[in-house]
Amino acid sequence: MPGEVRAIERFGDDPAASVFPEEFVAVRHAVETRRREFVTGRACAHRALAALGVPVVPIMSGPNREPLWPEGVVGSITHGSG
């Protein structure tokens with residue numbers, strides 16, 4: 001992959017993962033498994049931003065629950081079992 005691409009993956013939830021309070025609002029009423037999935041996905045996204053040298057900022061959710069990346073960043077967060 002080109003040098004400006006980063007892929008971070010995690011198999012299973014990261015018990016040490018955390019997100020910005022503003023991000024957590026998106027899942028505050030969700031079931032526990034969804035909250036863990038969301039937090040793990042956002043934590044991976046934060047690690048990817050840091051690896052790119054981009055300031056780690058909250059990745060908010062858009063109207064269709066899509067991640068809203070910082071200016072100049074394109075990304076994807078995917079979830080699967082295991």
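Numbering starts at 1 and runs along the sequence shown. Keep in mind the model is a prediction, meaning the values are calculated, not measured.
F20 pairs by the ring-ring contact (aromatic ring centres under 6.0 Å, His included) definition with H46, not counting sequence neighbours. Legend: residues meeting side-chain hydrogen bond (donor to acceptor under 3.5 Å, both in side chains) with E9, ordered by chain and number and at least two apart, are absent.
In terms of hydrophobic clustering, with Ile, Leu, Val, Met, Phe, Trp and Tyr side chains grouped at heavy-atom distances under 4.5 Å, I8 and V73 are assigned to different clusters. Follow the hydrophobic side-chain contacts under 4.5 Å out from F24 and you never reach V57; the two are in separate clusters.
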Output a table of donor-acceptor pairs, distance under 3.5 Å, between side-chain atoms of residues 65-72 and any protein atom two or more places apart or on a different chain; print 'none' if there are none.
| unit_1 | atom_1 | unit_2 | atom_2 | d |
| --- | --- | --- | --- | --- |
| E66 | OE1 | N64 | N | 2.8 |
| W69 | NE1 | G75 | O | 3.1 |

Side-chain donor/acceptor pairs under 3.5 Å, residues 30-44, sequence neighbours excluded:
| unit_1 | atom_1 | unit_2 | atom_2 | d |
| --- | --- | --- | --- | --- |
| E32 | OE1 | R35 | NE | 3.4 |
| E32 | OE1 | R35 | NH2 | 2.5 |
| R34 | NH1 | E37 | OE1 | 3.0 |
| R35 | NH1 | A30 | O | 2.4 |
| R36 | NE | D13 | OD2 | 2.9 |
| T40 | OG1 | D14 | N | 3.2 |
| T40 | OG1 | R36 | O | 3.0 |
| R42 | NE | I59 | O | 2.9 |
| R42 | NH2 | I59 | O | 3.3 |
| R42 | NH2 | S61 | OG | 3.1 |

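The shortest non-hydrogen separation linking L49 to P55 is CD1-O, 4.2 Å. Taking each heavy atom of E22 and P58 in turn, the nearest pair found is OE2-CG, 3.6 Å.
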